[in-house]
Amino acid sequence: MKELIDIKLADGSEVSVEKGMTTLEVLKSAGRRLPEGAVLAELDGESVELSRPIESSGALSVLGFDSPRGSEAYRHTASHVMAQAVKRVHPDAKLAIGPAIEEGFYYDFGLDETIKAEDLGAIEDEMRRIIAEDIPVERKELPASEAIALFKERGEDYKVQLLEGIDEDPVTVYTQGDFVDLCRGPHLASTGRVKAFKLLSVAGAYWRGDESREMLQRIYGTAFDTEEALEEFLRLRKEAERRDHRRLGPELELFSIREEIGPGLVIYHPRGAVLRTVIEDFLKVEHAKKGYELVISPHIMRKDIWETSGHLSMQYPMYFFDIEGQGYGIKPMNCPAHIYIYKSKTRGHNELPIRYFELGTVYRHERSGVLHGLLRVRGFTQDDAHIFCTMEQAEAEINDAVRFAFETQRTFGFTSFRIALSTRPDLSVGTSDDWERATDILKQALSDQSLEYVVDKGEGVFYGPKIDVKLEDALGRLWQGPTIQFDLQLPTRFEMTYVGADNQEHTPVMIHRTVLGSLERYIGILIEHYAGAFPLWLAPVQVEILPIADRHVEHSKEIMKIMESAGVRVSINEERETTSNKIRKAWRMKVPYMIVVGDKEIESGTISVRSLAGRDERNVDLDGFISELCEEITSRRSLEV
RNA sequence: GCCGGUGUAGCUCAGUCGGUAGAGCGGCUCACUCGUAAUGAGCAGGUCCGCGGUUCGAAUCCGCGCGCCGGCUCCA
């Protein structure tokens, strides 16, 4: 007679079953069926295989692909299927790691022979065979010493290294046929449960993410529970390609990056310069409203400054050169200059906080492999500010800066964010007391505003911890946006002081913060978010006038003048081409409004209006249209995207 | 910086076996004066990324360098 255990099912009912039954058997004995799409079981909050014997009483439910843990296990199994396929194609391949990631999975292999993109098809074919074979995935617990022996025997050097680095004992090992992997699991019950998958790319990746170690070969893939979901994923990838700012930017004549000028260096064309100027003007006005003073500092500063700041000893990626025997560095940050403005006179506590704002263009020597369109460049302009205040004022100032950042992001059309708190990195200056204090104040500010965040351990700047805000765009992608950094180091290093109420000298604290991040990156993000179809207030050309024939040009120019004097950015297409083609061209340049002017309009004194958003209307009153435009511009409304 | 891929006209791309370079779009010229997502014809446009090598001969094969793309590491 077997021992009985009590299992509480998801619907609240309870059943008594024999110990050691699997989820499937428990459900069966309770007269229930395994739900369609079940991937994992959850027993008392722990996710386990559907095939795992249940050894103790508890609450049992079933997870599908739609649950985060379900899709993770699903993709993790897909990565094992891929690894098994790779081992069949390349028996010499050594297994490293192969987790599920946000949108799929990868697996890293050590292999002398290189895996090429065109080899992926063959690996996919092998994966299909493994899935068709429907091999059971078996979980085993092994003493660590046995596992080490097992993987040594199989020549899995990386697995042995992993085992030697972990304290767990026993460890779990998953087996499917001839394939064995060290893995915590959980997994699908068998390889046949993987329905829709695709291998996406091959890439290099350092063993354990450490660039001093050897490089492995990584294969990326994704898996879904239905072909439709996979198709949708691939469609979204195509859509992302269509929005790529590296393609749209030059196409919309916003900017270009040319080898002749230099990699990572952006040249703004007239339309891009308009866009950027609109953003800059907006920022200047908003900062003034919030009590920031505009300052301007030079692009190069003496090397000594960067010694004092710590940039030199932190090996910050800078450009250096000499002028008449004197060493200079091109600024990678604006802070030192702002510090010297502060230091230009004796400061009293009644003056604080002091807030200096600069659209500061900085240059950083980014390694060649990391450059990426506008998102990662070597020269960029930050909407940078430094707030100098007392320790007591810091929390309120950080709160204000965070609120300012979010408020501004909403104006630009972003509504969903992820926040990260980055703590002390390995290479840094200052005492651990200071770091702890600074980190606590940032945490306090985040909880003051009940903002949820994750902690990025060791991701802070060398002088202090920071809050990073990531923006979620129209396609659900995340982008690096504002950053708020708390700094207890530079004020000391630069011997900054203020005279307190006690008539003694004190050291102020310093907050570095941006609202958009960098204008280059932000413009790149805006292009992708709006697919180039900017809200009216940002559109480089807001209205394009299309005269039907030459005789309509003069009247069109009059309309243009009226609109321009109302502050609208207007262009006119005087080419001798068909109206259809003029519309097509304006459309392609994503001009929000098109005005057609012909005999009828001149006669009736009206205009015909077309918009990117789909409006198509005749006999529109010009003055009424202009006030509509002005309203849309001043309200800074975002289009539906 | 590292791994892999890639580089032909302003853009997108074709170019066979190594035999001296092509299309579409765009540009320019001409004609057309046109009513809501491509009017027609003609013309111009090339250091085939750069340097070196192999060869009678290189866009094509090899080496090195550079840029770009996908990642890693790094990051606003």
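No hydrogens, no waters, no symmetry mates; every other heavy atom, side chains included, goes into these values. In the text below, chain A, chain B and the rest are named by the order of the sequence lines, each starting its count at 1. Note that this is a predicted model, so its numbers are computed, not measured.
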Over all strands shown, is [X] touching base, sugar-phosphate only, or nothing at heavy-atom distances under 4.0 angstrom?
X        : answer
A:Asn581 : sugar-phosphate
A:Arg521 : base
A:Val362 : nothing
A:Asp599 : base
A:Gly369 : base
A:Glu459 : sugar-phosphate
A:Tyr522 : nothing
A:His372 : sugar-phosphate
A:Lys582 : nothing
A:Ser368 : base
A:Arg618 : base
A:Lys466 : sugar-phosphate
A:Gly204 : base

Is A:Tyr220 stacked on the base of B:G71, meaning ring centres closer than 5.5 Å and planes within 30 degrees of each other?
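No; by the centre-distance and plane-angle rule, A:Tyr220 does not count as stacking on B:G71.
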Got a donor-acceptor contact below 3.5 angstrom from the A:Glu366 side chain to the A:Gly264 backbone?
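Not at all, since once roles are kept as given, no pair shorter than 3.5 Å links the two residues.
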Ignoring the backbone of [X], work out which of [options] is nearest its side chain.
X        : options             : result
A:Val370 : B:G5, B:U73, B:U36  : B:U73
A:Thr578 : B:G35, B:G71, B:U39 : B:U39
A:Ser608 : B:C68, B:A76, B:G35 : B:G35
A:Pro263 : B:C68, B:C72, B:G70 : B:C68
A:Ser580 : B:G67, B:A76, B:A38 : B:A38
A:Arg367 : B:A37, B:C72, B:C74 : B:C74
A:Arg584 : B:C34, B:A76, B:A38 : B:A38

[N] versus [M] - spacing of their [atom1] atoms, nearest Å:
N     : M     : atom1 : value
B:G7  : B:C61 : P     : 10 Å
B:A23 : B:A44 : P     : 12 Å
B:A37 : B:C43 : P     : 31 Å
B:C62 : B:A58 : C1'   : 11 Å
B:A41 : B:C25 : P     : 10 Å
B:G45 : B:C28 : C1'   : 10 Å
B:C11 : B:C48 : P     : 15 Å
B:G46 : B:G15 : C1'   : 14 Å

From [atom1] of [X] over to [atom2] of [N], roughly how many Å is that when rounded to an integer?
X        : N     : atom1 : atom2 : value
A:Leu265 : B:C66 : CG    : P     : 16 Å
A:Glu260 : B:G7  : CD    : P     : 18 Å
A:Tyr363 : B:A76 : OH    : C1'   : 14 Å
A:Arg213 : B:G1  : CZ    : P     : 23 Å
A:Tyr316 : B:C74 : OH    : C1'   : 10 Å
A:Glu575 : B:C34 : CD    : P     : 17 Å
A:Leu375 : B:C74 : CG    : P     : 18 Å
A:Asn334 : B:A76 : CG    : P     : 13 Å

Can you name the one residue among A:His338, A:His287, A:His512, A:His386 that meets ring pair (Phe, Tyr, Trp, His ring centres under 6.0 Å) with A:Phe357?
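In the set A:His338, A:His287, A:His512, A:His386, the residue that makes a ring pair (Phe, Tyr, Trp, His ring centres under 6.0 Å) with A:Phe357 is A:His287.
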Going by the side-chain hydrogen bond (donor to acceptor under 3.5 Å, both in side chains) test, name the single residue among A:His245, A:Arg242, A:Arg243, A:Arg246 that passes it with A:Glu528.
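Among A:His245, A:Arg242, A:Arg243, A:Arg246, the one that satisfies the side-chain hydrogen bond (donor to acceptor under 3.5 Å, both in side chains) with A:Glu528 is A:His245.
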Need the pair for [N]. Rule: Watson-Crick or G-U wobble, both distances under 3.5 Å, any strand; none if unpaired.
N     : value
B:G4  : B:C69
B:C64 : B:G50
B:C43 : B:G27
B:U16 : none

A:Val377 vs A:Ile583, nearer the 5' end of RNA chain B by closest nucleotide:
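Comparing both residues, the 5'-ward one is A:Ile583.
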5′-ward residue of the pair A:Gly598/A:Glu520 relative to RNA chain B
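That would be A:Gly598.
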Looking only at the side chains, is there a donor atom on one of [X] and [Y] sitting less than 3.5 Å from an acceptor on the other?
X        : Y        : result
A:Glu286 : A:Thr408 : no
A:Tyr220 : A:Glu103 : no
A:Tyr316 : A:Arg364 : yes
A:Glu459 : A:Ser422 : no

Please evaluate the base of [N] for a donor-acceptor partner in the side chain of [X] within a cut-off of under 3.5 Å?
X        : N     : answer
A:Tyr206 : B:G1  : yes
A:Arg246 : B:C69 : no
A:Arg551 : B:C34 : no
A:Glu601 : B:G35 : yes

Establish, yes or no, whether a centroid distance under 6.0 Å links the rings of A:Phe109 and A:Tyr107.
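When the ring centroids of A:Phe109 and A:Tyr107 are compared, they turn out to be within the sub-6.0 Å range.
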Check each of A:Asp473, A:Leu516, A:Leu374, A:Leu538 against A:Leu526 using the side-chain contact (heavy atoms from CB on, under 4.5 Å) test, and report the only one that passes.
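Running side-chain contact (heavy atoms from CB on, under 4.5 Å) over A:Asp473, A:Leu516, A:Leu374, A:Leu538 with A:Leu526 returns exactly one hit, A:Leu538.
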